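Since the structure comes first, as structure tokens, the remarks are kept for the end.
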Amino acid sequence: MNGATELGPEVKEALQRHFGFREFLEGQEEIVRAVLAGRDVLGVMPTGAGKSLCYQLPALLRDGVTFVVSPLIALMKDQVDALAARGVAATMINSSLPAAAQRERLHGLRHGVYRVIYIAPERMRSQAFLEALQGIPVSLVAVDEAHCLSQWGHDFRPDYMRLGKLIAQVGRPQVIALTATATPEVRLDIVKTLELRDPFVCVSGFARPNLSLRVTQVGGQEDKFRRLGEAVRKHGAGIVYCATRKHVDEVTEVLRDQLETPVVAYHAGLSAEQRDRAQEAFVGRKCPVAVATNAFGMGIDRPDVRFVLHFDVPGSLEAYYQEAGRAGRDGEPAVCELLFNFADTRTQEFFIDCNNPSPETVRSVYQGVRRLAGDQGEVRLPLADLAQRIGIDHGMALSACLTLLGRAGYIGRFDIPGERMRGTRVLRPEIEASALDLDWEGMREKERRDREKLRTLVNYCYSTNCRQRDILIYFGEPQPALCESCDVCSERGGQVREGSDEERLILCKALSGLARMSQRTAGGWKGRYGRGRIIQMLLGSRSQEVLNNRLDTLSTYGILRGMGEAYLFALFEELKRAGCVEVERVGDYPLLKLTERGERVMRGEESCSLRWPERSRMPKTPAHKAKEDGEESRDAPDAELLERLKRCRAEAAARAGLPLYGVFSNRTLEELAVHRPSTVEEALEIHGIGPHKAERFVMGFLEVIRSYDEESPGG
Ligand code: ADP
Ligand code: MG
């Protein structure tokens, strides 16, 4: 059983008929195929990528009922109505529904009246409800927003812990889990908690080729302020993230007073009105730069952010990518720079200490609150005062303790009308501090994970691999391409040259595509689309924007299919430098257009020297291609080749007097067998091969690969 079965024509037909879509979006087809082949699935795709369709479409194509669990009750009704409008018998059950109506819907489910039913997570608290599901012919359980079951994630919903029960109750049918949270630990938690069986895992859509990611090693504050000044002068609108409120204030001051840049500050210490005003000024384009802590983020809807600068090291790679990802939402080039100074990780260590208080600290906070609450059973003090009265150094640590105690039901927090502070109520005053029963084990685990995340981020900062690729590998995307635009890729750079015949053909196609998407006027060319859209068209993308604008009907649609988004981004960037294309701002939109020179180059009347971007590492031989088409074998190294590489390693290790792993790890060998590099440069892309090892060992392995490829052409 695998996900590789071809889709029958009825699938596309149903897509068209029920949803009105002509094509799948990226990732959808693979997932639908795996679901229809009967596999459990974990789909990880960003918000807006079209995850719902991955279970809604299969639900229509097979017998039995599909259960959908989703935490957003408010959105359920919309989903059900949308399905109903498409002629799909769908309904929902939540606690607000009268008992009689629930019974009626369950009855309908048993008798084939409904194909899809949305179940609110809180229903799983009721044993009676779970028992009433007996006998319903469930063929698929879809768990949407599946990260909610991860205790360590940002959006834990305890009700999701009961999903296992629900699934068991209906006879353990096939399960599909979907989320936009792409961290390895959350993925693992989902697979474990839902007990997914040999799931087909699809992670896609996280690459952001228009972002140029960079890490700058800085010495100290002065260095940082210098980089800050450069970024602001060069890039225009942007966000500067700082780790602390103090830094927000300092940076704000420097920008305002020394660099004369209009700037807003944003952090959790400001009042709600102040924050609203700051956000409004930034999003409304009255102010080009926002300086903020990580409290600034949700709901920033400003697409033309040209740079995100991290003034301090953030706490994790996922936090970093989420914040950096606020740049360039319009699809146009943007720069994300992280100022890295190892000493700054102390601040993050400190946050980890505060957020993970020891059992003793939790107990003494509880004891203190209990004492201060006295007979009234409640305390009304600002956090800082409360901390002082209890004898805790830092409000952040106190806050973490209160959250833990609140979650475990020992205290409750309540708003006080007209006050900015919240009150604290002791809920079980009879319990002594020594008798507190918290998940101490889980707390230790969380601390371990927090430290691990910080380590991952530090490794990222020191890495000499393509930044985008490092992040996507961490998120679990299979074999992401080099981005060609991060600091590492750019430094590797290339020389300016005329280009091979093949490269010149690519150039010609790219310019023709641009011409089709521009407008010829008496005064020259006018742009109509941004670079992102043009590249999507050239690649034959089936994204909504392309389909909505009917770009798939152009004769140049898909003529550079397979070239890779990153390559074309880099190519257009070069063409801009070479004066073949130009960006023209219309309102807020940067539109790309051909220049006179570009037109002559397109017609072959003029030559053009460029710093050609590197092509994707592995040229696709038919053998590689065939491999990729079979889902299963995509990442699987060739066993025979792997054997030979292992023999080569044994010999090298013996010669050098090293243990096997002192030469290369198993993972490195596996990657060598999968990617089959042919040059030392290509080999340097592989995990575990740095310049030192490459120089010392890699030639022998390349030889093994070369002779293996020659022996088995196309196989
Ligand atoms: P997600 O759950 O991943 O955030 P949704 O399932 O809510 O995304 O879908 C986002 C949008 O994409 C919806 O408006 C949906 O109608 C649209 N969409 C989904 N699949 C397709 C498709 N194949 N073609 C065009 N639009 C699609
Ligand atoms: Mg969704």
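Since the structure is predicted, the reported quantities are computational estimates derived from the model, not experimental observations. Each ligand, and each atom within it, is numbered from 1 in the order the structure gives.
With atom 1 (P) of ligand 1 as the reference point, the heavy atom nearest to it among G20, S543, S70, G48 is part of G48.
Listed by atom number, the atoms of ligand 1 under 4.0 Å from L25 heavy atoms are 18 (N), 19 (C), 20 (N), 21 (C), 22 (C), 23 (N), 24 (N), 27 (C). Less than 4.0 angstrom separates some heavy atom of F24 from each of these atoms of ligand 1: 23 (N). Every atom of ligand 1 with a heavy atom of T47 under 4.0 Å away is listed here by number and element: 4 (O). Of all the atoms in ligand 1, the ones that sit under 4.0 Å from a non-hydrogen atom of P46 are 3 (O).
At most 12 heavy atoms of other shown residues, nucleotides or ligands fall within 6.0 angstrom of atom CD in E195. Counted within 6.0 Å of CG on D63, heavy atoms from surrounding residues, nucleotides or ligands total 12 or fewer; the atom is thus considered open.
For Q544, every heavy-atom contact with ligand 1 shorter than 4.0 Å involves the side chain, none the backbone. Contacts of A180 with ligand 1, taken as heavy-atom pairs under 4.0 Å, are absent altogether.
M92 contributes atom CE, which lies 8.5 Å from atom CG of D81 (distance to the nearest 0.5 angstrom).
Within the structure, ligand 1 has Q28 among the residues with a heavy atom less than 4.0 angstrom away.
Ring pair F475/Y321 is perpendicular by interplanar angle, where above 60° counts as perpendicular and below 30° as parallel. Note on ring orientation: taking the six-membered ring where Trp is involved, the planes of F282 and F296 are perpendicular (angle over 60°, cut-offs 30° and 60°).
Between L547 and ligand 1, a contact under 3.5 Å exists for no N or O pair. Here's the thing with E23: one of its N/O atoms is less than 3.5 angstrom from an N/O atom of ligand 1. Close N/O approach between F21 and ligand 1 is not found [any backbone or side-chain N/O within under 3.5 Å].
When hydrogens are left out, the protein atom nearest atom 7 (O) of ligand 1 is S52 OG, 3.8 Å; that is the closest non-hydrogen contact. Nearest to atom 9 (O) of ligand 1 among the protein's heavy atoms is G50 CA, 3.4 Å.
In this structure, the side chains of L140 and V138 stay at 4.5 Å or more apart for every pair of heavy atoms.
A donor-acceptor pair under 3.5 Å links the side-chain atoms of Q174 to the main chain of V35, judged by distance alone. Distance alone, capped at 3.5 Å, is enough to place a donor-acceptor pair between the N94 side chain and the S96 backbone.
A cation-pi contact, defined as under 6.0 Å to the ring centre and within 45° of the axis, links R467 to Y460.
Atom 22 (C) of ligand 1 is flagged as protein-proximal [any protein heavy atom, distance under 4.0 Å].
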